[in-house]
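The first residue in the sequence is number 1, and the count goes up from there.
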Amino acid sequence: MERENENLKREIESQKKKRTVVRQLTTKLLSKIETNLSADVADGKKKEILEDLKVQLEFKMSELRSLDEKIENHVPESEFENEITSSQEYQEKIVTVQGKIQRLLNRKLNSERRSEADNNEIKETVIVKSSENRTMNLPRLQIETFYGDSSSALSTINSKCIFCHQDDHLKYNCNSVNSIQKREFLRKTGRCYLCFGQKHRSTDCKSKSNCVKCRGKNHESICFQRDSNSEKREQKEQNETISVSQNNSSRKESSVILQTVNALAIGREKKCFVKCLLDPGSQISAIREDLSRSLNLQVKGERELNIYTFGEKNCKRNKCKIVEVTLRNINNPEKKIILELMEVPIITTAEIRVPEEKIKQQLRRQGICLIEPSVEKCEPEIGILIGADVLWSITSSEIKRINKSCVAIETAFGWCLSGTFRNEDL
């Protein structure tokens with residue numbers, strides 16, 4: 001018992017020393033921000049500097065909150081009140097400076113909007129194009145290769161669609177449900193994303209074909225790019241009929257990129273490439289249940305999880321297993337971390353955009369190279385969620401600004417992006 005108390009005291013002292021260092025660095029950052037707030041610099045340059053400093057301050061704030069929480073959970077009762085007072089007073093300093101930055105940025109944004117509104121007095125000209133000379137692009141004909149026992153081919157053709165249970169079309173040609181619903185059904189029923197067969201995953205599928213759209217290990221009918229391409233085609237057809245000219249006032253397209261990294265997940269009997277979503281807004285880290293079972297991960301215990309979805313006041317309670325997995329840098333075997341994750345049925349059904357080639361080229365010019373396995377080796381969906389409980393242990397202090405609304409952050413598994421890319425940034 002005495003040894004445990006001694007270990008606990010040493011752990012608390014270690015956390016306090018680390019917090020002292022982080023506070024010293026944060027104090028220097030606050031002084032730097034105050035200097036730039038009052039500096040006589042061109043508006044555009046000043047805004048860019050403050051946005052950089054704001055991102056750094058948010059990281060420091062998150063790191064301090066994590067350390068404060070660890071210390072408060074183990075500090076003796078006699079020191080608890082002083083500890084709370086100290087942490088709250090320091091956080092108030094940070095919040096005050098954050099407010100100053102936000103107010104200045106808001107003033108500059110309102111000023112830019114007023115200036116843009118004054119310059120955008122334009123006339124709308126509607127040009128109706130003739131549809132007589134339109135060229136019709138016929139869809140590409142693709143005949144699926146049959147993988148299996150030839151004696152069962154006839155029964156396969158005559159069987160009902162696995163998605164809508166109708167018998168007037170093949171499962172690959174079903175239009176009754178969208179690609180997101182199809183992927184959800186395949187995951188729940190343990191089917192392959194490529195051949196839609198059972199008892200194996202797409203990474204283990206014997207089929208040698210890939211998606212003709214994204215070259216990934218999935219069938220074209222459930223391609224992540226399918227829905228977005230359909231929207232682009234509809235927009236293009238509308239533009240061919242009616243074109244509205246509005247000089248300098250048209251909405252520019254943009255791509256929002258969330259923080260994701262690729263890593264090698266290692267279980268007791270198997271390993272595979274996995275896409276991880278980094279989310280500082282999540283209090284826990286998790287792994288998809290089917291991925292955990294495939295890797296045969298060691299179960300360390302159970303925990304009740306309260307799930308609050310966006311816009312909901314009430315939570316859903318689930319009892320989840322806690323499993324242990326090793327995540328490793330794909331290119332550097334020495335960079336690895338052992339995590340305890342909660343098993344959940346699904347992490348997200350949303351489409352997580354990957355950076356386009358133009359964005360990757362821009363990053364390479366700045367000396368940043370994203371680590372990506374070949375598409376046939378990595379599933380397109382998010383397999384692991386890395387929350388605030390372990391996020392800061394895998395990130396470094398290296399942050400590079402790519403443009404005014406996007407930054408690159410270095411992690412143990414390589415660089416990741418967070419922010420927005422607009423057409424004018426490329």
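- Looking at Val274 and Ile287, their side chains never come closer than 4.5 Å, going by heavy atoms from C-beta outward.
- With sequence neighbours left out, Phe59 forms a ring-ring contact (aromatic ring centres under 6.0 Å, His included) with Trp392.
- Applying the ring pair (Phe, Tyr, Trp, His ring centres under 6.0 Å) test to residues at least two apart or on different chains, none of the pairs has a partner in residues 322-349.
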* Would you sort out whether Phe196 and Phe185 count as a ring-ring contact (aromatic ring centres under 6.0 Å, His included), showing the intermediate values? => CA-CA 10 Å; Phe196 297 173; Phe185 172 80; 9.1 Å; no
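- A heavy-atom distance below 4.5 Å is not found between the side chains of Arg303 and Lys319.
- For residues 57-69, the pairs satisfying side-chain hydrogen bond (donor to acceptor under 3.5 Å, both in side chains) are Arg19-Asp68, Asp68-Gln91, with sequence neighbours left out.
- Taking Glu92 as the reference, nothing meets the side-chain hydrogen bond (donor to acceptor under 3.5 Å, both in side chains) condition, with sequence neighbours excluded.
- Applying the side-chain hydrogen bond (donor to acceptor under 3.5 Å, both in side chains) test to Arg107 and every residue at least two apart in sequence or in another chain returns nothing.
- Listed by first and then second residue, the salt bridge (Lys or Arg N to Asp or Glu O under 4.0 Å) pairs involving residues 323-346 are Arg293-Glu343, Lys300-Glu324 (not counting sequence neighbours).
- For Ser176, there are no side-chain hydrogen bond (donor to acceptor under 3.5 Å, both in side chains) partners at least two apart in sequence or on another chain.
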Table please: side-chain donor-acceptor pairs of residues 409-418 below 3.5 Å, with sequence neighbours left out.
{"residue": "Glu410", "atom": "OE1", "partner": "Ser396", "partner atom": "OG", "Å": "3.2"}
{"residue": "Thr411", "atom": "OG1", "partner": "Phe413", "partner atom": "N", "Å": "3.1"}
{"residue": "Thr411", "atom": "OG1", "partner": "Gly414", "partner atom": "N", "Å": "3.3"}
{"residue": "Thr411", "atom": "OG1", "partner": "Gly414", "partner atom": "O", "Å": "2.6"}

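- Scanning for side-chain contact (heavy atoms from CB on, under 4.5 Å) contacts around Ile84 gives Glu72, Phe80, Gln88, with sequence neighbours left out.
- Identified under the ring pair (Phe, Tyr, Trp, His ring centres under 6.0 Å) test for residues 10-32, with sequence neighbours left out: none.
- Every salt bridge (Lys or Arg N to Asp or Glu O under 4.0 Å) that Glu34 has, sequence neighbours left out, goes to Lys100.
- Partners of Lys360 by salt bridge (Lys or Arg N to Asp or Glu O under 4.0 Å), not counting sequence neighbours, listed by chain and number: Glu372.
- Judged by a 6.0 Å distance limit and a 45° cone about the ring axis, Arg183 is not positioned over the six-membered ring of Tyr193.
- Lys16 NZ: more than 12 foreign heavy atoms inside a 6.0 Å radius.
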